[in-house]
Participant: 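Before we start, here is the structure in question, set down as structure tokens.
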Protein chains: 2
Amino acid sequence: MPSETSAVRTVNRISDILNCFTSKQPLLNLTTISNTLNLPKSTCHRLLTALEAQGFLARDTAGRGYRLGYQLLYWGMVAQTTLDLRNEALPSLQALCETTGETAILSIRDGNVGICLAMVESSQSVRLTMQVGRRIMLHAGASSKVLWAFLPEPEIRQILAEIELSPVQVNTITDREQLLLELGRIRERGYAVSFEETDAGAMGIAAPVYDHAGQPIAGIGIAAPLSRFPAERVSVMAPAVVDAARALSARLGARMNG
Amino acid sequence: MPSETSAVRTVNRISDILNCFTSKQPLLNLTTISNTLNLPKSTCHRLLTALEAQGFLARDTAGRGYRLGYQLLYWGMVAQTTLDLRNEALPSLQALCETTGETAILSIRDGNVGICLAMVESSQSVRLTMQVGRRIMLHAGASSKVLWAFLPEPEIRQILAEIELSPVQVNTITDREQLLLELGRIRERGYAVSFEETDAGAMGIAAPVYDHAGQPIAGIGIAAPLSRFPAERVSVMAPAVVDAARALSARLGARMNG
DNA sequence: GTGTTTTGTTCCATTTAACGGAATGCTATT
DNA sequence: AATAGCATTCCGTTAAATGGAACAAAACAC
């Protein structure tokens, strides 16, 4: 599944190599990577050596394989601290977490994936967990759906055509028609809701955040265990989420119509 | 200052480009990068476009420039969760923070720079702050000095010859002879101490962590405001730091001599 | 310990993919 | 409308990356 569409092949290859590493597969050796990407061993070896020299990768202590390097840690840190959206959002998340008592999440769309940009965890012992930086699929979960429900129709159709609707949990929407209708409902309602679309025993509510140009650029929401959050409670808590999103939008310079 | 020594030029260039971005200079445009690296604009443009396509970089909302992309956030996250040293160290840091009441830091050496790998912040209102992933210079601060004080002599001399001893704070050691002597003192004492070498009004204590092969691979230490930590208190608190380092080493499979 | 397989590393002739100078296009700014 | 400061595209050239194959080093089996 090597990626295409890029002006410099080497960049794609590097990206492909880095994407071989996941939390579940943190340690890979030359042969594995070479096979996965259908890259000749010598080519792969040369790239890996170069990546290691620059700190993209590091050899495991025992020398048994490669892992992601500390340089990525550093760049990730710089990326994080320089995202002004994130900085602006932290107070809103904090407030949202306090008023609802649940984990508050800021998500953004990057192409056809969502990313958790920031998070404030509920202090309750039973709580939903997320990791900053984690990629999420656009079709499942309130924080994901809200990221594209408010885009212009053509863009929505474009994304809908491109993404894969793999089932994640019992209620994941896997039908394109259904999903399109759901996005419509989200627009009407002004916020997205999900029950067990991504995690068993979990639900979520999320509302869109707009930038100064009026473009939907992020989603702010909460995730809670079902046990504490029956469907009836959604309409009670949703306003808090919508308000938080609106407040953040305002802080980013968005002008609300009406 | 483009880096050399790597098998694939493109990898170096990518690394150089990414390193143009810092917390202080998060937003850069084509011309700036092109000038900084002495790279022809067209070449630079092609690379930037490719990097953007793969998520290494992202265009600023207003389209005025490039910033580090979310993909780096993701890779950074994966790197962080897969570093077993970090996972092993967190309990030690937590304990150290509790017994001393100060911010506890785990640092490692990556070539000629140190990196803050993990941190547990003191709950005191006046406290030292660090950021995970931040790069630190090897010659200033206890957590830095301890990273190479216990290396074999030739390696120490090698590093000493390569690094630049720029003054950071009032007490930063900027003389190579002095620094060599200081490293000797650290070896004798078994831990490193610093007073205002990196931050005004701050001090630090750090001890070496050894891996299963007996190699010094990390440093564990505390950083505190001077107001709370006069020189007399060092000898009282140092054992706690040394113990934490020793405990972590043991957990990593290091066998202590004696 | 010896043979065998697997994995990692180096070599080098070939060719393609990256290169970069120059021309063009696009926005702001005055 | 003119200018300046950028960003983008073009295309002939060439060096830089390529990858098959040979070699080396572990890891494994017996």
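Throughout, protein chains are lettered first and strands after them, A, B, ... in sequence-line order, and every chain is numbered starting at 1.
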Participant: Please state how far atom CZ in B/Arg9 lies from atom C1' in D/dT18, giving the value in whole angstrom units.
Facilitator: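 Rounded to whole Å, this separation is 14 Å.
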Participant: Let me know the distance between CG of A/Leu47 and P of D/dG19, rounded to the nearest Å.
Facilitator: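 Result: 9 Å.
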Participant: For A/Asn12 and C/dT16, give me the distance from atom CG to atom P, rounded to whole Å.
Facilitator: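 Going from A/Asn12 (CG) to C/dT16 (P), I get 19 Å.
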Participant: Roughly, in whole Å, what's the span from CG in B/Leu39 to C1' in C/dA18?
Facilitator: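 Checked: the CG to C1' distance equals 12 Å.
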Participant: Rounded to the Å, how far apart are B/Leu57 CG and D/dA7 P?
Facilitator: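 Taking CG of B/Leu57 and P of D/dA7, I get 13 Å after rounding.
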Participant: Quick check on the 6.0 Å ring-centre criterion: do B/Trp75 and B/Tyr70 meet it?
Facilitator: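 Centroid separation for B/Trp75 and B/Tyr70: 6.0 Å or greater.
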Participant: Distance check needed: C/dG20 P versus B/Leu48 CG, whole Å only.
Facilitator: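 Rounding to the nearest Å, CG of B/Leu48 and P of C/dG20 are 14 Å apart.
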Participant: Quickly work out the B/Asn38 CG to C/dG21 P distance and round it to whole Å.
Facilitator: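 Between P of C/dG21 and CG of B/Asn38: 12 Å.
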Participant: Strictly distance-based, threshold 3.5 Å: is any side-chain N or O of A/Thr49 a donor or acceptor partner for the main-chain N or O of A/His45?
Facilitator: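 Here the side-chain-to-backbone pair exists.
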Participant: In whole angstroms, how far is the P atom of D/dA17 from the CD1 atom of A/Ile17?
Facilitator: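 In whole Å, D/dA17 P and A/Ile17 CD1 are 14 Å from each other.
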Participant: Under the side chain to side chain donor-acceptor pair (under 3.5 Å) test, which residues partner B/Gln158, sequence neighbours left out?
Facilitator: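 With neighbours one apart ignored, the set is B/Glu162.
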Participant: Counting N and O atoms only, with roles assigned by atom type, does the side chain of A/His139 sit under 3.5 Å from a partner on the main chain of A/Lys145, one being a donor and the other an acceptor?
Facilitator: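 Side chain of A/His139 to backbone of A/Lys145: no pair is present.
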Participant: Going by atom types alone, do A/Tyr74 and B/Arg134 pair a side-chain donor with an acceptor below 3.5 Å?
Facilitator: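 Per modelled atom types, A/Tyr74 and B/Arg134 side chains form no pair under 3.5 Å.
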Participant: Below the 4.0 Å mark, does C/dG20 have OP1 or OP2 next to a side-chain nitrogen or oxygen of B/Thr43?
Facilitator: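 Yes, B/Thr43 has a side-chain N/O under 4.0 Å of OP1/OP2 on C/dG20.
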Participant: Using a cut-off of under 3.5 Å, enumerate the N/O to N/O pairs linking the protein to nucleotides 8-12 of chain C.
Facilitator:
unit_1 : atom_1 : unit_2  : atom_2 : d
C/dG8  : OP2    : A/Thr31 : N      : 3.1
C/dG8  : OP2    : A/Thr31 : OG1    : 2.6
C/dG8  : N7     : A/Lys41 : NZ     : 3.0
C/dT9  : OP2    : A/His45 : NE2    : 3.0
C/dT9  : O5'    : A/His45 : NE2    : 3.3

Participant: Under 3.5 Å, is there a donor-acceptor pair between the side chain of A/Thr43 and the main chain of A/Leu39?
Facilitator: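 Not confirmed, A/Thr43 side chain does not pair with A/Leu39 backbone.
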